[in-house]
Amino acid sequence: MPDPAYDHKQIELKWQDRLRDPALYRADPDSSAPKYYVVEMLPYPSGRLHMGHVRNYSIGDALARYMWMRGYNVQHPMGWDAFGLPAENAAIARGRHPREWTLSNLAEMKRQMHRMGFAYDWDLEIATCEPEYYRWNQWFFLKMLARGLAYRKKALVNWCPQCATVLANEQVVEGCCWRHENTPVEQRALEQWFWKITAYADELLRDMQQLEGGWPERVLTMQRNWIGRSEGSEIDFALADSGEQIRVFTTRVDTIYGATCVILAPEHPLASKLLNEEGRARAKHMIDGRAQKDRGDIEKDGYFTGHYAINPYNGDQVPVWIGNFVLMEYGTGAIMAVPAHDDRDFDFCKTFGVPIRSVIRPVDGELDENPKAAFTEDGIVERSGEFSGLASADARSRMNQRAEREGFGKAAITYRLKDWGISRQRYWGTPIPVIHCPDCGVVPIPEKDLPVLLPHDVNLTGQGQSPLVNAAEFINATCPKCGGPARRESDTMDTFVDSSWYFYRYLDPHNDQAPFDSALVAKWFPMDQYIGGVTHAILHLLYSRFFTKVMRDLGLIVNGEPAANLFTQGMVLGHDGTAMSKSKGNIVDPEEMIDKYGADTCRLFVLFAAPPEKDMPWIEAGVGGLRRFLDRVHRFVMRNLDRGGAGDAGSDRRALRKLHQTIRKITEDFTNRWHFNTSIAALMELMNDLYAEEEGLSRAALDQILPSIPLLLGPFAPYLAEELWEAMGRKGPVFRQSWPSYDEELAKEDAAEVVLQVNGKLRGRIFVRFGASNEELEKAALSDPKLQPFLSGKQVVKVIVVPDKLVNIVVR
RNA sequence: GCCCGGGUGGCGAAAUCGGCAGACGCAAGGGACUUAAAAUCCCUUUUUCCGCAAGGAGAGUGUGGGUUCAAGUCCCACCCCGGGCACCA
């Protein structure tokens with residue numbers, strides 16, 4: 001009789017249907033089990049699921065299933081943010097309303113994910129552009145406003161002409177928009193809303209200590225660089241003619257006696273005042289040049305303003321220049337140039353003939369009167385008045401003291417981090433809940449009037465101004481303070497706001513009294529495990545840390561960090577070796593793969609091809625092998641369900657040993673590292689052995705082996721696991737069973753295989769009982785016939801024995 | 001330029017604490033079954049040399065050194081690839 005075929009379509013349809021009940025996946029809020037909280041990063045609903053998403057989800061899903069089987073209380077939400085901008089652009093392109101488009105897309109993605117068999121609570125999904133989510137975004141905004149953490153200012157902002165909106169610094173990649181890598185970002189001056197993430201710069205930096213070990217070092221380093229704290233001094237140089245102050249920032253105030261000019265950024269407000277017409281033209285040229293791509297390649301340019309400034313320490317008058325290498329957005333936008341002790345200043349001053357004056361010598365060297373290059377290390381300060389002879393560090397602190405005493409400067413800390421600009425000139429996003437009143441100014445909408453909802457009928461063009469500006473019904477409002485006519489804010493919030501706190505809302509998605517129940521969050525947070533792509537290292541992960549700290553200060557939560565452990569999984573790359581993306585057209589559609597091979601096979605394949613932290617190029621050639629493996633599993637179980645037989649003791653022993661070794665191996669893989677590729681390889685080895693021993697297996701051995709197979713397979717290939725489990729007459733679901741335990745004794749080999757080496761070269765091997773003494777092993781090795789040719793006529797110098805493993809004989 | 005990763009067969013990879021390099025899978029080749037094909041099963045597959053054969057000897061984890069009885073793994077120098085940061089004062 002032929003073996004029953006593994007019909008993945010029939011099996012998967014059947015179990016898709018039976019596993020639809022959300023109650024199966026829901027965590028028990030009263031559970032005393034050790035908690036384990038897995039959250040998945042969300043794909044944008046602007047496209048369909050692709051194999052990259054399938055891999056990301058499969059990693060978390062396998063882990064969640066295993067944790068359930070170990071008795072953990074798993075909250076394993078997968079849901080979606082309805083991200084504004086992509087949704088809006090896609091909706092415009094298809095001539096549909098963003099809301100309609102978003103919801104239908106969410107439904108489609110939900111269907112696909114259900115088809116893939118991801119175990120998740122199907123009630124939990126959140127579309128963050130829905131009214132209830134607006135409400136709490138806006139509520140947070142008002143809280144921030146009240147605390148001075150939200151403010152509005154006119155600022156030079158990054159503007160993507162393609163998106164027709166503003167971008168945060170974090171969203172600019174190599175001078176281009178993160179979504180349009182060929183569109184250079186422009187600078188525009190606009191009134192914008194900001195959130196004061198800089199108020200938490202120090203804490204965001206300091207608390208990274210807590211994350212050490214739990215978060216990848218790479219991510220922490222990226223955040224550290226991004227925050228970019230540097231300690232130094234701010235010093236005022238007064239203009240010789242007008243007395244107006246130029247404040248400079250330096251980390252090397254100890255070199256200030258060597259300052260030979262002051263350089264302003266071309267955008268510096270004072271620059272336009274000091275410059276003549278020609279100078280202003282030069283400044284504009286510098287600004288334009290910088291807007292182009294490769295900043296590092298731009299040659300130094302400068303222009304003398306014709307004015308002089310006074311070094312407050314020694315009264316020297318130094319020329320004031322503008323320079324294209326001085327950045328307005330860092331420090332104070334002005335520097336003192338110390339060519340003798342800074343590479344960039346050296347470059348600049350050499351080029352423009354500004355004098356060079358050395359004031360620092362190496363601790364055990366002379367002052368270099370005529371340096372060929374800048375000496376940038378700390379040393380001993382010379383020619384610096386009362387500070388001469390001091391070590392650099394010492395000089396810095398004494399100079400700061402003097403600056404403070406005399407009122408011309410102070411010690412200061414500068415950050416590279418800028419406040420988070422959250423204004424977007426788009427339709428599809430959370431409206432910023434304020435009103436502009438001609439009499440009262442900016443007036444927040446009272447909490448009781450939230451949420452402010454988007455008007456439904458707008459003219460979406462994707463061009464120029466936000467469509468909300470022209471939506472009269474929306475824009476014309478009444479001032480909540482004076483009752484007079486006023487204008488509603490037309491900016492909407494950056495959608496990174498939505499993703500900054502969605503994982504809290506997941507715990508309590510239907511709460512209409514508060515963003516979430518604080519007690520529930522206190523019980524679950526910080527989440528034990530967060531999984532996401534490294535692409536979010538400084539966007540989402542920094543924002544959500546900031547949000548967490550703000551919410552803590554609002555008294556909503558008690559944790560200071562959102563996630564104790566972060567795992568950054570690798571991407572699935574297209575055939576061309578670059579990340580899958582719709583614009584490149586290299587995405588692989590899971591729908592096709594599922595039809596062809598089945599959902600289980602697809603999941604198994606993406607987990608098997610590479611360990612999860614590694615990028616994985618999509619090479620379909622290997623998928624068939626995984627399908628064949630599942631076929632083999634199915635066939636083996638099905639044809640041995642009712643088979644009788646006395647069996648062979650040797651076969652039984654070998655098969656059971658392999659079984660227990662496999663359980664041990666997979667358990668260790670889940671516990672120590674998530675290398676599912678080796679777990680799956682172990683399962684394949686088990687099946688290979690079972691096939692080899694099949695003839696000799698007794699009924700008793702089969703009764704032990706068969707039920708273990710779906711349990712071990714469950715985290716990786718859930719549909720087949722359920723099917724086999726049911727075929728054995730058991731009640732599911734598999735992921736709610738106990739994880740099988742292994743017996744160390746049964747897993748043990750009969751004898752230790754000991755490798756024999758002579759001078760480190762493999763010359764033979766022997767089998768001995770476990771725990772044989774070093775003397776026994778040494779004796780066995782020295783008398784082994786295979787080793788004699790290499791030992792005869794030689795003198796044994798040393799014998800190294802590693803019990804149960806190896807003997808190495810050193811001869812001369 | 002600076003800071004992280006990484007470099008192992010034809011390919012994806014494994015080797016988890018310094019102890020048999022290449023598990024597992026793909027692809028390839030050969031065989032069995034079959035009228036035939038598919039499916040399935042079995043064998044070979046890092047490489048060079050010796051041998052009719054069983055078998056044996058050598059080389060080999062980007063390159064060059066080093067430590068060690070023993071190195072893919074540790075140390076030093078360099079090359080290449082990927083990522084992040086980059087006139088950050």
Side-chain angles (χ1 to χ4, degrees), chain A residues 2-3 5 173 216-226 228-230 232-233 248-253 255 263 265 290 294-300 323-327 329-338 341-345 347-348 376 414-416 534-535 537-538 577 604-605 608-611 613-626 628-629 631-632 635 665 668-669 672-673 675 677-688 691-692 753-765 789 797-802 805-811:
Chain A
D3 296 315
V173 181
E217 195 48 52
R218 184 163 55 130
V219 171
L220 296 178
T221 308
M222 281 164 72
Q223 292 212 359
R224 230 170 254 131
N225 287 343
W226 191 262
R229 179 192 151 101
S230 74
S233 318
V248 304
F249 176 76
T250 176
T251 53
R252 291 296 304 275
V253 69
T255 65
I263 311 175
R290 209 149 61 181
D294 299 319
R295 273 196 179 189
D297 296 344
I298 294 171
E299 268 188 45
K300 286 204 170 46
N324 64 342
F325 73 105
V326 180
L327 305 175
E329 60 272 19
Y330 185 77
T332 59
I335 63 161
M336 62 174 195
V338 185
H341 304 296
D342 181 281
D343 292 325
R344 294 152 303 176
D345 297 348
D347 252 21
F348 184 88
T376 57
T414 304
Y415 296 93
R416 186 183 175 280
V534 72
T535 42
I538 42 179
L604 210 58
F605 174 67
F608 177 70
E613 69 275 13
K614 244 189 111 157
D615 284 347
M616 182 198 121
W618 181 264
I619 296 162
E620 196 185 320
V623 184
L626 278 296
R628 277 196 287 278
F629 166 67
D631 250 322
R632 272 163 71 80
R635 221 175 316 129
K665 166 73 181 151
E668 281 168 2
D669 277 345
N672 304 334
R673 50 182 215 171
H675 282 199
N677 53 335
T678 56
S679 297
I680 294 166
L683 278 171
M684 289 172 168
E685 283 185 57
L686 173 66
M687 287 318 297
N688 290 346
Y691 267 74
E753 185 181 8
V754 173
V755 171
L756 305 181
Q757 297 180 334
V758 177
N759 285 350
K761 286 213 159 93
L762 178 72
R763 298 300 180 190
R765 61 189 70 218
V797 181
K798 199 170 172 185
V799 179
I800 282 113
V801 180
V802 183
K805 263 200 175 151
L806 167 145
V807 180
N808 187 12
I809 301 165
V810 187
V811 297

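Naming: A, B, ... by sequence-line order, numbering from 1 per chain.
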Q: Write down the distance between CG (Asp343(A)) and P (A89(B)), rounded to a whole number of angstrom.
A: 12 Å
(Q) Distance check, C1' atoms only: A53(B) and U63(B), in whole angstrom units. (A) 40 Å
Q. Is Arg229(A) touching bases, backbone alone, or none of the nucleic acid, heavy atoms closer than 4.0 Å?
A. nothing
Q) For RNA chain B, what are the stems built from at least three Watson-Crick or G-U pairs in a row, each pair having both distances below 3.5 Å? A) B:1-7 with B:79-85, B:10-12 with B:24-26, B:28-32 with B:40-44, B:46-50 with B:55-59, B:62-66 with B:74-78
Q. Expressed as a whole number of Å, how far does the P atom of U61(B) sit from that of G9(B)?
A. 10 Å
Q.
Heavy atoms only, 4.0 Å cut-off, all strands: where does Gly625(A) land among base, sugar-phosphate and nothing?
A. sugar-phosphate
Q) Touch check for Asn688(A), heavy atoms < 4.0 angstrom, all strands: base, sugar-phosphate only, or nothing? A) sugar-phosphate
**Q.** Residue Lys614(A), side-chain atoms from C-beta onward, closest of A89(B), A13(B), G25(B)
**A.** A13(B)
Q: Assess whether atom CZ of Arg229(A) is packed by more than 12 heavy atoms of other residues, nucleotides or ligands within 6.0 Å.
A: yes
(Q) For a quick check of understanding: with a heavy-atom distance under 4.0 Å over all strands, which category does Glu668(A) fall into, base, sugar-phosphate or nothing? (A) nothing
(Q) Taking any heavy-atom pair under 4.0 Å as a contact, classify Val326(A): base, sugar-phosphate, or nothing. (A) base
(Q) I want to verify a distance call: between C85(B), C26(B), C20(B), whose nearest atom is closest to the Arg628(A) side chain? (A) C26(B)
Q) Is there a donor and acceptor pair closer than 3.5 Å between the side chain of Asn808(A) and the base of C69(B)? A) yes
Q: Classify the glycosidic conformation of C81(B) as syn or anti, calling it syn when the angle lies within 90° of 0.
A: anti
Q. Within a strict 4.5 Å, meaning less than it, do heavy atoms of the Thr255(A) and Met336(A) side chains meet?
A. yes
Q) With respect to the phosphate group of G58(B), does any side-chain polar atom (N or O) of Arg763(A) fall under 4.0 Å of OP1 or OP2? A) yes
Q) Atom NZ of Lys300(A) and atom CZ of Phe348(A): how far apart are they, to the nearest 0.5 Å? A) 9.0 Å
Q. Say you draw a straight line from OG1 of Thr250(A) to NE2 of His341(A); how long is it, rounded to the nearest 0.5 Å?
A. 11.5 Å
Q.
Using only modelled atom types and a 3.5 angstrom limit, is any donor from either the side chain of Gln757(A) or the base of C20(B) paired with an acceptor on the other?
A. no
Q) Choosing from C20(B), G84(B), A89(B), which nucleotide comes nearest the side chain of Met222(A)? A) G84(B)
Q) Would you say a side-chain N or O of Ser230(A) is under 4.0 Å from OP1 or OP2 of A89(B)? A) yes
